[in-house]
Amino acid sequence: MRDEIDPRHLEWDDVDPARHPFDKGTVSEVVRGLGPARTVPTRDREAGRPWADAMTWALREEYGRWVAGWRWALDEGDFDGGPVGSWCCAAHSMTSPDETLQRVVAGVVEWREWLESLAGWFEAYPLDPGDVEEQRVLWECAVRKLILHVVDRTGAGSGWHGHCRQVLRWFLGRWGVPPALARELVDDAVGGRFTSWTGPDAVLVDDVAERVAGSLRADDVRGPEADGAPPDHLALWLAVREATPWEEAPPDRTPVSPGTDGAVEDVRAFDGALDPGRAQGLLAALAVVRADAARGVPLDFELLRRWQRHVLGTAEPPGFRTLPAFAKRGRERYGIAPGTRALLDACLAESARDDARALPLASRAARAYLDVCFFHPFDDGNARAAFLTLVFVLAREGVGLERVGPLRRVSFRADDGLMLAGWIGSGTG
């Protein structure tokens, strides 16, 4: 699992400037037009961090995931060891609303310029899969210079080494090394020898550079011709769904009413900061969801459509998508076939307690949530539809949630069976 607004989890495809257009001249206008810009808390430490998170989500919807690094501060801050000097943390960077928004704008621009400078460095040292042995000296030089570049930018402050390892992974990823392998190669080469508040000496830098370059093989580097269409992640999900040990979730317990309505509170705080209209629509949908749960109606796509009309604010319920869908900045692709909608209905029907294959409630709710995520039935608002589905399955059996923020801010991969096994083993939170 990874936090969608934590820049430490970004891959090169997420941040590559060539993939994500950006107009520096309009940043101020964009930032001041976002929902959180209308509700800037003043010198309020408790409210500051949630507000900064909401601003990141709003920026993310406008620009894409790459923008999450706008507050990755030098030294200690919201995220330690980054390259941004315009923002430290909510406690120190939030003053008057106007000054705070100016710092947001500066942070976005500063982060983008850093990414563009890295892209220039990467282009100067291409990895050619057909000439691995001849290029090792060049790659070693590239790694050495990138380490020193990050040290200079971050000042080798608190946590600088995390971003340094990330930049090295980005470099490998730019030239076709798969992310998991890039992480393994860099972690093996660094081996925990970079530390906070201390810049590496020349001997250590040379050794890391030599290890990274020496570990690359021709088979590790995919040429441009390898960048074909992604697989059908809906099919991958269905395979994972079948193989996941859903029965291993904790058994059902006597329902306990939470002291706080976590769903409503999160929508008001998070969605309300993004866009009051969005929050209003989702709250209306939540009311319908709970009324439907109280009546015990069956869960199917037709029910999702009724809820989604409120989510999207449309006069008519939206239909099932007719084309392949994409998510996670294009890294996941969900196919479409004549029987896809019927298959979704069959999967959602398994969420009922009286189904012959009934599982613990935690598993049924989690599985229905993920079904909606990966069937991706709508052209827009699928994450909210999945959230409503989970609320419905739980409410139908008298269960509510006190906190839903972690669930709504975490991204799940369609093909990550190990993650799912750990998730259901912990009772899905």
One thing to verify: whether [Y] and [X] come together as a salt bridge, which I'm taking to mean a side-chain N less than 4.0 angstrom from a carboxylate O.
{"X": "Glu123", "Y": "Arg174", "answer": "yes"}
{"X": "Arg321", "Y": "Asp380", "answer": "no"}
{"X": "Asp207", "Y": "Arg211", "answer": "yes"}
{"X": "Arg306", "Y": "Asp300", "answer": "no"}
{"X": "Glu350", "Y": "Arg241", "answer": "yes"}

Inset, instruction - Report the C-alpha distance between Arg278 and Glu61 in whole Å, list the side-chain angles of each, state the deciding distance to 0.1 Å, and finish with yes or no for salt bridge (charged side-chain N to carboxylate O under 4.0 Å, His left out). - result: CA-CA 13 Å; Arg278 169 188 168 118; Glu61 290 199 349; 3.1 Å; yes
Inset, instruction - Could you point out which residue of Val108, Leu74, Asp78 forms a side-chain contact (heavy atoms from CB on, under 4.5 Å) with Trp87? - result: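 That would be Asp78; it is the only one of Val108, Leu74, Asp78 passing the side-chain contact (heavy atoms from CB on, under 4.5 Å) with Trp87.
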Inset, instruction - Look at the aromatic rings of Trp12 and Trp170 and report parallel, tilted or perpendicular, splitting at 30° and 60°. - result: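 Ring orientation, 0 to 90° scale: tilted.
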Inset, instruction - For the pair Trp57 and Phe270, name the ring-plane relationship: parallel under 30°, tilted 30 to 60°, perpendicular over 60°. - result: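 Plane angle over 60°, so perpendicular.
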Inset, instruction - Might you point out which heavy atoms bring Ser117 and His149 nearest each other, and give the distance in Å? - result: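 Shortest heavy-atom separation between Ser117 and His149 comes out as OG-NE2, 4.0 Å.
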Could you tell me whether a side-chain N or O of [X] sits under 3.5 Å from a main-chain N or O of [Y], the two making a donor and an acceptor?
{"X": "Arg295", "Y": "Asp292", "value": "no"}
{"X": "Trp72", "Y": "Asp80", "value": "yes"}
{"X": "His233", "Y": "Pro231", "value": "yes"}
{"X": "Ser196", "Y": "Gly159", "value": "yes"}

[X]-[Y] aromatic ring centre distance below 6.0 Å:
{"X": "Phe301", "Y": "Phe320", "result": "yes"}
{"X": "His161", "Y": "Phe194", "result": "no"}
{"X": "Phe22", "Y": "Trp66", "result": "yes"}

